[in-house]
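Remarks on the structure that follows.
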Amino acid sequence: MSQQASPRGTFLKIADVVRAQIEADDGMTELPSAADLMRDHGVSRGVALRAFLALQEQGVAEPVPGGRWRVVRHGQHVDRRPLSERLAALIKDDKLKVGSPFPSTSALCARFGVSRPTVRRALDKLQIAGLVSEGQQGKQRTVLSLPNGEEARP
């Protein structure tokens with residue numbers, strides 16, 4: 001974007017560019033980072049963030065705690081439950097039993113597409129709820145109890 005562009009509405013122009021990228025690439029699942037938008041369009045972080053918010057208002061994107069903004073496609077099912085609930089459900093979904101090793105933080109980051117701090121916070125909630133053991137360096141967490149109905153939500 002040229003330096004002559006009016007600052008008013010610049011974020012909408014950037015949002016239009018990103019929306020066009022999404023429409024052109026069916027495999028696109030994440031938006032460019034704020035740093036990428038700042039560099040590519042010569043704008044401030046605030047303008048880049050406003051572009052993300054404009055895309056969210058248009059129903060094209062949604063924020064991901066601890067990660068990049070995610071592309072939302074109509075007809076696409078996205079699990080919007082808190083990560084701690086999805087991790088509790090993982091015990092049942094993966095048919096883990098009491099005493100079974102719980103997946104590592106790294107494996108959970110890859111599986112759910114979120115950052116390590118986000119996974120750690122969710123694991124802390126499971127630990128407080130008594131579903132998994134305490135995490136210690138070099139020692140894998142284990143399943144302490146099975147979630148039952150509403151009790152699965154820490």
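The shown structure was predicted, so the numbers you read here are calculated from the model rather than taken from an experiment. Computed from heavy atoms alone, side chains included, the values below leave out hydrogens, waters and symmetry copies.
- If you take CD on Q127 and OG on S84, they are separated by 13.5 Å, rounding to the nearest 0.5 Å.
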- Step by step, would you call E62 with V71 a side-chain contact (heavy atoms from CB on, under 4.5 Å)? CA-CA 7 Å; E62 65 184 2; V71 173; over 6 Å; no
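- Every salt bridge (charged side-chain N to carboxylate O under 4.0 Å, His left out) that E30 has, sequence neighbours left out, goes to R68.
- A heavy-atom distance below 4.5 Å is found between the side chains of S106 and R116.
- Following chains of ILVMFWY side-chain contacts shorter than 4.5 Å, one can reach I22 starting from I14, so the two form part of one hydrophobic cluster.
- Contact check for H41 versus V17: side-chain heavy atoms found under the 4.5 Å cut-off.
- For the pair W69 and L53, the minimum side-chain heavy-atom distance is below 4.5 Å.
- Tracing side-chain contacts under 4.5 Å through hydrophobic residues (I, L, V, M, F, W, Y), one reaches L96 starting from L131; they form part of the same cluster.
- Applying the side-chain hydrogen bond (donor to acceptor under 3.5 Å, both in side chains) test to R120 and every residue at least two apart in sequence or in another chain returns nothing.
- Looking at residues two or more places apart in sequence or on another chain, you find a side-chain hydrogen bond (donor to acceptor under 3.5 Å, both in side chains) between Q58 and R19.
- Pairs passing the side-chain hydrogen bond (donor to acceptor under 3.5 Å, both in side chains) check and including a residue from residues 93-103, sequence neighbours excluded, read D94-R111.
- Shown here for A51 and A15, the closest heavy-atom pair between the two residues is O-CB, 3.9 Å.
- Minimum interatomic distance between A122 and L87 (heavy atoms only, all atoms of both residues): CB-CD1, 3.6 Å.
- Atom CG of L126 is separated from atom CG of L144 by 10.5 Å, given to the nearest 0.5 angstrom.
- Heavy-atom minimum distance, P63 versus Q56: CD-NE2, 3.4 Å.
- When atom types are taken as modelled, the side chain of S133 and the backbone of T142 share a donor-acceptor pair closer than 3.5 angstrom.
- Here the closest heavy-atom approach between residue P147 and residue A88 is recorded as CG-O, 3.5 Å.
- Taking a cutoff of 4.0 Å between a charged side-chain nitrogen and a carboxylate oxygen, D36 and R39 qualify as a salt bridge.
- At least one side-chain heavy atom of F102 sits under 4.5 Å from a side-chain heavy atom of L123.
- Residues forming a side-chain hydrogen bond (donor to acceptor under 3.5 Å, both in side chains) with S104 (at least two apart in sequence, or on another chain): none.
- Note that CD of E57 and CZ of R50 are 9.5 Å apart. Values are rounded to the nearest 0.5 Å.
- I128 and V132 fall into different hydrophobic clusters, where Ile, Leu, Val, Met, Phe, Trp and Tyr residues are linked whenever their side-chain heavy atoms come under 4.5 Å apart, directly or through other members.
- Two different hydrophobic clusters hold M38 and V47 under the rule that ILVMFWY side chains link at heavy-atom gaps under 4.5 Å.
- Listed by chain and number, the residues in a side-chain hydrogen bond (donor to acceptor under 3.5 Å, both in side chains) with T105 amount to none (sequence neighbours excluded).
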- Message: Go through it in stages, so that I can follow the logic: the residues are V143 and L146, the test is side-chain contact (heavy atoms from CB on, under 4.5 Å), and I'd like the CA-CA distance, side-chain angles, deciding distance and then a yes or no.
- Response: CA-CA 7 Å; V143 177; L146 302 176; 4.2 Å; yes
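- Between L31 and L37, the closest side-chain pair of non-hydrogen atoms is not below 4.5 Å.
- Contact check for P32 versus D40: no side-chain heavy atoms found under the 4.5 Å cut-off.
- Put simply, the side chain of F112 reaches to within 4.5 Å of the side chain of L83, judged on heavy atoms.
- Annotation for G135 and R141: closest pair N-NH1, 3.3 Å, computed over non-hydrogen atoms.
- Side-chain atoms of L90 and R86, non-hydrogen and from C-beta on, never get closer than 4.5 Å to each other.
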